[in-house]
**Student:** 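Just passing along the structure, written as structure tokens.
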2 protein chains.
Amino acid sequence: MLKIGKLTDYGVLILSTLAEQPAVLRQTEGLAESTGLSLPTTRKVMKALTDAGLVQAQRGAKGGYRLARAASMISLRDVVEAFEGPIALTECTQDEHGCDITEQCSLADGWGGINQLLMQMLARVTLADVKDPTIVDRLTQGLMMGSPRISLVNL
Amino acid sequence: MLKIGKLTDYGVLILSTLAEQPAVLRQTEGLAESTGLSLPTTRKVMKALTDAGLVQAQRGAKGGYRLARAASMISLRDVVEAFEGPIALTECTQDEHGCDITEQCSLADGWGGINQLLMQMLARVTLADVKDPTIVDRLTQGLMMGSPRISLVNL
DNA sequence: ATAAAGCATACCAAGTTGGTATTCTTTAAT
DNA sequence: ATTAAAGAATACCAACTTGGTATGCTTTAT
Ligand code: SF4
Ligand code: SF4
């Protein structure tokens, strides 16, 4: 179904909740309540976000989580990669691994291109935009701006 | 890892093989050889392609498969949907289903937008392009052309 | 010292995926 | 009509992934 994992989805939701008050520490329990997620699941999500360096954890009493950097500096690509690893639509996209039939296949470049575009799309949407109803338009605009060649290389 | 299924990948490969000689009937065995896939797997792929109406099957002796329409009229989106169903990055993207916490979540529109862009990308790459090394550029160009509003609605 | 928090680990049930095998049906060629 | 070459249909299975839960440990403000 070409879908992202639920945990990834939850991650974005929680992050966007944190983005509402970037300064304050939010506890797991409160986040679970705000989002409607169960507590254990929320824990799991928070751990992944912490490991990926997207949130800062403050341990001990009066602890909690807060965004590790500005909402506009956290993209959907960051979140997706935090939960699902590198974005690679096909096996061959990732570090020259290649699949069993790479020799007979001439599509690696094609998929690679799609993959880069997809990453570019995700990289352009940040926590600051994700609720904005005009992102679709802005994204389309965004993709037409900037030199594709260069940004593709730098992804 | 946000990847497409292997069967989907194989489907594209086989279709692109068929696209080389659109007129001739190719048998399963020959296709398996050309692509390096095992025979049973090839069968499975062919069945899915047939069900989706992307190839025409001719049964009986001297039978085989051929593209059901011009290569330029078969997009990656068609293939992906044939194997994995509707493209829906999140649960809520699909026919108002919504997930358990849809009420607390304000991201449905955002994901919906990304999803539409993704579909648009896949829809623009056809079997005729997929081996073309310049597709990335052409795709970027393509996305900037045409009125996004209208094409998004019609997807 | 204590309680409030996060951290780490381990586990499990369910679903999905890739892959294989077997048997049936259609049809061109003879 | 017979035969053989094809595809169609079905069923099955092992491995992996995913979402979700439970339990116990560590840190730290008070
Ligand atoms: S080499 Fe071809 S078949 Fe293998 S993963 Fe890449 S695109 Fe798919
Ligand atoms: S409603 Fe929110 S949490 Fe639920 S599937 Fe959609 S985006 Fe994800």
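Letters A, B, ... are given to chains in the order of the sequence lines, protein chains preceding strands, and every chain is numbered from 1. Predicted model, so just to flag it, every value in this text is computed and none were measured.
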**Student:** By side chain to side chain donor-acceptor pair (under 3.5 Å), which residues pair with B/T42, not counting sequence neighbours?
**Tutor:**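 Testing B/T42 for side chain to side chain donor-acceptor pair (under 3.5 Å), a comparison that skips the adjacent residues, returns none.
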**Student:** For DNA chain D, which nucleotides open and close the run of contacts to chain B, 5' to 3', at under 4.0 angstrom from a non-hydrogen atom?
**Tutor:**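 First and last nucleotides in contact are D/dA5 to D/dA9.
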**Student:** So does A/E29 have more than 12 non-hydrogen atoms from other groups sitting under 6.0 Å from CD?
**Tutor:**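 No, CD of A/E29 has 12 or fewer neighbouring heavy atoms, counting only those of other groups under 6.0 Å.
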**Student:** Of the residues in residues 10-25 of chain B, which ones touch DNA chain C at a heavy-atom distance under 4.0 Å?
**Tutor:**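 Those residues whose heavy atoms fall under 4.0 Å from DNA chain C, taken from residues 10-25 of chain B in numerical order, are B/Y10.
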**Student:** Only distances under 3.5 Å count here; give the side-chain donor-acceptor pairs of residues 33-41 of chain B to other protein atoms, sequence neighbours excluded, each with its distance to 0.1 Å.
**Tutor:**
{"unit_1": "B/S34", "atom_1": "OG", "unit_2": "B/R26", "atom_2": "NH2", "d": "3.0"}
{"unit_1": "B/S34", "atom_1": "OG", "unit_2": "B/G30", "atom_2": "O", "d": "3.0"}
{"unit_1": "B/T35", "atom_1": "OG1", "unit_2": "B/L31", "atom_2": "O", "d": "2.7"}
{"unit_1": "B/T35", "atom_1": "OG1", "unit_2": "B/A32", "atom_2": "O", "d": "3.3"}
{"unit_1": "B/T35", "atom_1": "OG1", "unit_2": "B/L37", "atom_2": "N", "d": "3.4"}
{"unit_1": "B/S38", "atom_1": "OG", "unit_2": "B/T41", "atom_2": "N", "d": "3.4"}
{"unit_1": "B/S38", "atom_1": "OG", "unit_2": "B/T41", "atom_2": "OG1", "d": "3.0"}

**Student:** Among pairs that include at least one residue of residues 6-20 of chain A, which meet side-chain hydrogen bond (donor to acceptor under 3.5 Å, both in side chains), considering only residues two or more places apart or in two chains?
**Tutor:**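 Qualifying pairs: A/T8-A/E84, A/D9-B/W111, A/E20-A/K131.
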**Student:** Round to the nearest Å and state the distance from A/I101 atom CD1 to C/dG18 atom P.
**Tutor:**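 Distance, rounded to whole Å: 13 Å.
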**Student:** Measure from CG on B/L39 to P on C/dA21 and round the result to the nearest Å.
**Tutor:**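 It is 11 Å, rounded to the nearest whole Å.
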**Student:** Would you classify B/L7 as touching base, sugar-phosphate or nothing, given that sugar-phosphate means primed atoms plus P, OP1 and OP2, and contacts are heavy atoms under 4.0 Å?
**Tutor:**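 The residue B/L7 makes sugar-phosphate contact but no base contact.
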**Student:** Please enumerate all residues that pass salt bridge (Lys or Arg N to Asp or Glu O under 4.0 Å) together with B/R69, with sequence neighbours excluded.
**Tutor:**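 Only B/D78 meet the salt bridge (Lys or Arg N to Asp or Glu O under 4.0 Å) criterion with B/R69.
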**Student:** Heavy-atom nearest nucleotide on DNA chain D for A/K3 versus A/K62: which residue maps closer to 5'?
**Tutor:**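 Taking each residue's closest nucleotide, the earlier one in sequence belongs to A/K3.
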**Student:** For residues 54-63 of chain A, tabulate all N or O donor-acceptor pairs below 3.5 Å that involve a side-chain atom, not counting sequence neighbours.
**Tutor:**
none

**Student:** Not counting sequence neighbours, list each pair that qualifies as a salt bridge (Lys or Arg N to Asp or Glu O under 4.0 Å) and has a residue in residues 34-57 of chain B.
**Tutor:**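 Residue pairs passing salt bridge (Lys or Arg N to Asp or Glu O under 4.0 Å), neighbours aside: B/K47-B/D51.
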**Student:** Taking the side chain from A/N115 and the backbone from A/I87, do they hold a donor-acceptor pair closer than 3.5 Å?
**Tutor:**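 Confirmed, A/N115 side chain pairs with A/I87 backbone.
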**Student:** Give the rounded distance in Å between these two atoms: CD of B/E91 and C1' of C/dT16.
**Tutor:**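 My rounded result for the distance is 14 Å.
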**Student:** Could you list the residues that satisfy side chain to side chain donor-acceptor pair (under 3.5 Å) with B/Q27, not counting sequence neighbours?
**Tutor:**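 For B/Q27 there are no side chain to side chain donor-acceptor pair (under 3.5 Å) partners, ignoring immediate neighbours.
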**Student:** Just jot down the side chain to side chain donor-acceptor pair (under 3.5 Å) partners of A/T28, sequence neighbours excluded, or say none.
**Tutor:**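 If we apply the side chain to side chain donor-acceptor pair (under 3.5 Å) test to A/T28, skipping adjacent residues, there are no hits.
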**Student:** Where each residue is assigned the nucleotide of DNA chain D containing its nearest heavy atom, which of A/A61 and B/G60 is assigned the position nearer the 5′ end?
**Tutor:**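 This one resolves to B/G60.
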**Student:** Please list, by residue number, the residues of residues 40-59 of chain B whose heavy atoms come closer than 4.0 Å to an atom of DNA chain C; answer none if no residue qualifies.
**Tutor:**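 Correct list: B/P40, B/T41, B/K44, B/Q58, B/R59.
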**Student:** Looking at residues at least two apart in the chain, or sitting in another chain, which of them share a side chain to side chain contact (heavy atoms under 4.5 Å, CB included) with A/A19?
**Tutor:**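 With sequence neighbours excluded, A/A19 shows a side chain to side chain contact (heavy atoms under 4.5 Å, CB included) to A/L67, A/A71, given in chain and number order.
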